[in-house]
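Since we're looking at a predicted model, the values are computed, not measured. Residue indices begin at 1 and follow the sequence shown.
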Amino acid sequence: MIAFVSGPVAALAPDSAVVEVAGIGIAVQCTPNTLSGLRMGHPAKLATSLVVREDSLTLYGFVDDDERGTFELLQTASGVGPRLAQAMLAVHTPDALRRAVASGDEKALMAVPGIGKKGAQKLLLEFKDRLGAPIGTSTGIGAPVSTGWRDQLHAALIGLGYATREADEAVSAVAPQAEAAEGTPEVGRLLKAALQSLNRAR
């Protein structure tokens with residue numbers, strides 16, 4: 001198992017990063033939260049989880065071991081694959097998920113794309129004795145996406161190499177979409193919309 005990758009960031013995309021390790025570019029699937037902390041050419045160390053399928057090997061990257069452990073634990077529930085587990089961590093931190101499960105907060109889970117009311121109820125039952133109690137309150141990377149989607153989106157765009165002015169304009173362009181969304185704005189979707197607006201402006 002590849003426990004982590006460490007090296008300079010060689011490339012950034014809306015849902016992945018390439019980290020150079022011993023002259024080899026390792027592609028790692030990441031949440032917008034994790035990507036927002038990466039910078040082109042700067043060193044990075046990501047905890048990783050390798051998902052093996054018959055036709056693919058996919059490496060998922062995380063800001064720390066807690067996030068990786070939660071990602072792997074989420075997949076022990078029936079119907080939860082790596083993409084849904086990653087989507088859950090794109091919307092909520094591990095601690096936010098633990099709080100949601102501990103308090104039986106269906107709406108928090110329903111804020112994740114792909115999870116409806118029945119699915120949320122089922123997951124609350126399955127995770128009740130698995131995720132454990134919240135560890136503490138965290139800020140910055142790992143804070144709930146619902147608090148400060150603008151900052152996270154802006155940081156992700158800067159990380160992708162856009163100028164501050166371009167990032168400001170892109171955030172403003174997608175603000176109506178974010179404010180019209182029900183529940184928590186999905187930063188990954190907003191990032192794609194922001195990139196489209198920047199491409200049109202060029």
Side-chain angles (χ1 to χ4, degrees), residues 9 11-18 27-42 44 46 60-64 67 70-71 74 82-100 103 105-117 119-120 123 134 136-202:
V9 178
L12 286 167
D15 59 357
S16 65
V18 175
V28 187
Q29 297 291 310
C30 305
T31 65
N33 214 23
T34 300
L35 290 170
S36 69
L38 305 180
R39 298 290 179 271
M40 285 283 291
H42 288 213
L46 297 173
Y60 290 84
F62 308 93
V63 71
D64 57 27
E67 196 171 64
T70 303
F71 170 79
L74 290 172
R83 291 204 174 274
L84 183 56
Q86 189 182 45
M88 293 171 78
L89 288 168
V91 176
H92 299 295
T93 64
D95 245 15
L97 285 171
R98 287 189 279 262
R99 282 194 296 272
S103 62
D105 189 350
E106 291 178 15
K107 289 186 178 180
L109 294 184
M110 289 169 64
V112 179
I115 298 180
K117 186 176 180 66
L123 290 174
T137 55
S138 58
T139 55
I141 290 181
V145 175
S146 56
T147 60
W149 64 265
R150 289 175 182 271
D151 292 340
Q152 294 200 22
L153 179 58
H154 192 276
L157 289 166
I158 296 295
L160 289 170
Y162 289 96
T164 301
R165 179 184 58 79
E166 290 177 309
D168 289 340
E169 291 173 355
V171 170
S172 296
V174 301
Q177 178 182 334
E179 290 162 3
E182 292 183 12
T184 306
E186 186 189 350
V187 176
R189 188 171 296 173
L190 293 176
L191 181 56
K192 289 179 182 177
L195 291 171
Q196 288 173 352
S197 73
L198 286 165
N199 289 337
R200 284 196 298 268
R202 288 184 169 183

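Annotation: side-chain contact (heavy atoms from CB on, under 4.5 Å) contacts of Asp105 (sequence neighbours excluded): Ala100, Ser103, Lys107, Ala108. Residues forming a ring pair (Phe, Tyr, Trp, His ring centres under 6.0 Å) with Phe62 (at least two apart in sequence, or on another chain): Phe71.
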### Message
Does Val9 form a side-chain contact (heavy atoms from CB on, under 4.5 Å) with Arg39? I'd like the steps, not just the answer.
### Response
CA-CA 7 Å; Val9 178; Arg39 298 290 179 271; over 6 Å; no

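Contact between Glu106 and Ala120 at its shortest, heavy atoms only, is O-CB, 3.8 Å. When all heavy atoms of Leu38 and Ala17 are compared, the pair lying nearest together is CD1-CB, 3.8 Å. Residues Pro113 and Val91 share a closest heavy-atom pair of CD-CG2, 4.1 Å. In terms of heavy-atom proximity, Gln29 sits nearest to Ser16 at NE2-CB, 3.8 Å.
No donor-acceptor pair closer than 3.5 Å links the side chain of Gln177 to the backbone N or O of Val174.
Separation of atoms CD (Glu67) and CG (Leu97) is listed at 9.5 Å; rounding is to 0.5 Å. We find the CG-NZ distance between Leu109 and Lys117 to be 11.5 Å, quoted to the nearest 0.5 Å.
Leu35 places none of its side-chain heavy atoms less than 4.5 Å from the side chain of Pro14. For the pair Leu74/Gln86, no side-chain contact is recorded, criterion being any heavy-atom separation below 4.5 Å from C-beta on. Proximity of Val28 to Thr34: side-chain heavy atoms (C-beta onward) are nowhere separated by under 4.5 Å. Taking 4.5 Å as the limit, some side-chain heavy atom of Ile115 sits within range of a side-chain heavy atom of Met88.
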